[in-house]
Novice: 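This structure is in structure tokens; I'll ask about it shortly.
Counting convention: from 1, in listed order, for ligands and their atoms alike. Just so you know, these numbers come straight off a predicted model, no measurement behind them.
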Amino acid sequence: MLKAANPRYLALAVLVLALAYAGFLWLRGGSGEPALSPEAVQGLFLKKGCTNCHDIRNPLVGPPFEAIARRYQDDPAAEQKLFESVRRGSQGKWYDPRSTTTYGIRRVMPAQDRKKISDAELRAMVRWILKREWRLTEGR
Ligand code: HEC
């Protein structure tokens with residue numbers, strides 16, 4: 001039986017609770033929203049329709065995520081730039097915007113508003129691309 005009044009047990013209990021709370025905050029990513037696992041972020045690309053035009057390694061309508069990660073790997077402003085490209089749309093950075101695929105789809109990146117993708121989701125998706133986090137989900 002624990003002697004509840006023993007101050008050493010109390011100090012230990014406080015320490016354990018503090019560590020648990022710190023761990024909880026760390027898991028939430030400190031942003032007030034729960035941090036998304038790489039699997040969850042990968043699922044967002046399908047859910048939000050990005051995979052209709054993007055693959056990790058193969059060019060579809062848009063450039064492969066691997067090519068995007070490579071192009072921006074030494075750019076310290078990459079995260080913000082890609083965030084804006086997806087939010088506001090993008091054209092002319094990768095392809096001639098007048099060009100089309102064999103199915104006649106124009107090679108432009110459509111803007112994605114907040115009703116469709118929250119800021120937190122979009123930031124997580126851009127980081128996932130830049131850090132090549134698909135590697136974390138492979139081979140599982
Ligand atoms: C209709 C097809 C289409 C869809 C849907 C689409 N993209 Fe794109 N995406 C493109 C094309 C085409 C480009 C190249 C645009 C250019 O040349 O500037 C592109 C470019 C990008 C880029 C690079 C932008 C840059 O500044 O270099 C990122 C990042 C990106 N897409 C992410 C996404 C995400 C995330 C989604 C899902 C929310 C998505 N795309 C949905 C077609 C699409």
Novice: Test your reading of the model: is there a side-chain donor-acceptor pair from R107 to the backbone of D96, 3.5 Å cut-off?
Specialist: no
Novice: Return the CZ to NZ distance between R127 and K131, rounded to the nearest 0.5 Å.
Specialist: 6.0 Å
Novice: Are the side chains of Q112 and L122 in contact, using a 4.5 Å heavy-atom criterion?
Specialist: no
Novice: Taking the side chain as everything from C-beta on, heavy atoms only, tell me whether K48 gets closer than 4.5 Å to E121.
Specialist: yes
Novice: What part of L122 sits under 4.0 Å from ligand 1 if we count only heavy atoms: the side chain, the backbone, both or neither?
Specialist: neither
Novice: Considering heavy atoms of the protein only, find what lies nearest to atom 17 (O) of ligand 1 and give residue, atom and distance to 0.1 Å.
Specialist: W94 N, 2.7 Å
Novice: Suppose I only count heavy atoms of G62 and a 4.0 Å limit; which atoms of ligand 1 are within that range?
Specialist: 10 (C), 11 (C), 12 (C)
Novice: Is there a polar contact between ligand 1 and K48, counting only N or O atoms under 3.5 Å apart?
Specialist: no
Novice: Could you report the tightest heavy-atom contact between N52 and L60, atom names first, then the distance?
Specialist: O-CD1, 4.4 Å
Novice: So which heavy atom in the protein is nearest atom 32 (C) of ligand 1, and how far is it from that ligand atom?
Specialist: V86 CG2, 3.6 Å
Novice: Using 0.5 Å steps for rounding, measure from the CD atom of Q42 to the CE atom of M125.
Specialist: 10.5 Å
Novice: What atoms in ligand 1 come closer than 4.0 Å to a heavy atom of Q91?
Specialist: 16 (C), 18 (O)
Novice: Just to be sure I read this right, does ligand 1 sit under 4.0 Å from the backbone of S85, its side chain, both, or neither, counting only heavy atoms?
Specialist: side chain
Novice: Using a strict cut-off of less than 4.0 Å between a Lys/Arg side-chain nitrogen and an Asp/Glu carboxylate oxygen, indicate whether D119 and R114 qualify as a salt bridge.
Specialist: yes
Novice: Looking at non-hydrogen atoms alone, which of Y72, F45, F83 comes nearest to atom 27 (O) of ligand 1?
Specialist: Y72
Novice: So which heavy atom in the protein is nearest atom 39 (C) of ligand 1, and how far is it from that ligand atom?
Specialist: M109 CE, 3.1 Å
Novice: Any atoms of ligand 1 less than 4.0 Å from a non-hydrogen atom of G49? List them with their elements.
Specialist: 5 (C)
Novice: Nearest non-hydrogen atom to atom 38 (C) of ligand 1 belongs to which of S99, P110, C50, C53?
Specialist: C50
Novice: Could you tell me whether R71 atom CZ has more than 12 heavy atoms of other residues or ligands within 6.0 Å of it?
Specialist: yes
Novice: At less than 2.8 Å, would any N/O/S atom of H54, backbone or side chain, sit next to atom 8 (Fe) of ligand 1?
Specialist: yes
Novice: May I ask you to say whether R57 pairs ionically with E138, meaning some side-chain N is under 4.0 Å from a carboxylate O?
Specialist: yes
Novice: Can you tell me how the ring of F65 sits relative to the ring of W128, calling it parallel under 30°, perpendicular over 60° and tilted otherwise?
Specialist: perpendicular
Novice: Give the numbers and elements of all ligand 1 atoms closer than 4.0 Å to a heavy atom of V108.
Specialist: 10 (C), 11 (C), 12 (C), 42 (C)
Novice: Record the part of K93 in heavy-atom contact with ligand 1 below 4.0 Å; permitted values are side chain, backbone, both and neither.
Specialist: both
Novice: Donor-acceptor pair, R87 side chain versus A111 backbone, under 3.5 Å?
Specialist: no
Novice: Which of the atoms of ligand 1 are close to V61, meaning less than 4.0 Å from one of its heavy atoms?
Specialist: 12 (C)
Novice: Do H54 and F45 have side chains that get closer than 4.5 Å, going by heavy atoms?
Specialist: no
Novice: Quick one: do V61 and Y103 satisfy side chain to side chain contact (heavy atoms under 4.5 Å, CB included)? Show the steps, please.
Specialist: CA-CA 10 Å; V61 181; Y103 292 104; over 6 Å; no
Novice: Find all atoms of ligand 1 within a distance of less than 4.0 Å from any non-hydrogen atom belonging to I117, and give their numbers and elements.
Specialist: 38 (C)
Novice: Please work out, at 4.0 Å between heavy atoms, whether the side chain, the backbone, both, or neither of N52 comes within that distance of ligand 1.
Specialist: neither
Novice: Can you check which of P59, S90, P63 brings a heavy atom nearest to atom 14 (C) of ligand 1?
Specialist: P63
Novice: Please report whether ligand 1 has a polar contact with Y95, defined as an N or O pair separated by less than 3.5 Å (distance criterion only).
Specialist: yes
Novice: Would you say Q112 has any N or O atom under 3.5 Å from an N or O of ligand 1, going by distance alone?
Specialist: no
Novice: For R107, counting its heavy atoms only, list the atoms of ligand 1 lying under 4.0 Å from any of them.
Specialist: 12 (C)
Novice: Students should be able to answer this: which protein heavy-atom is nearest to atom 28 (C) of ligand 1, and at what distance?
Specialist: I68 CD1, 3.7 Å
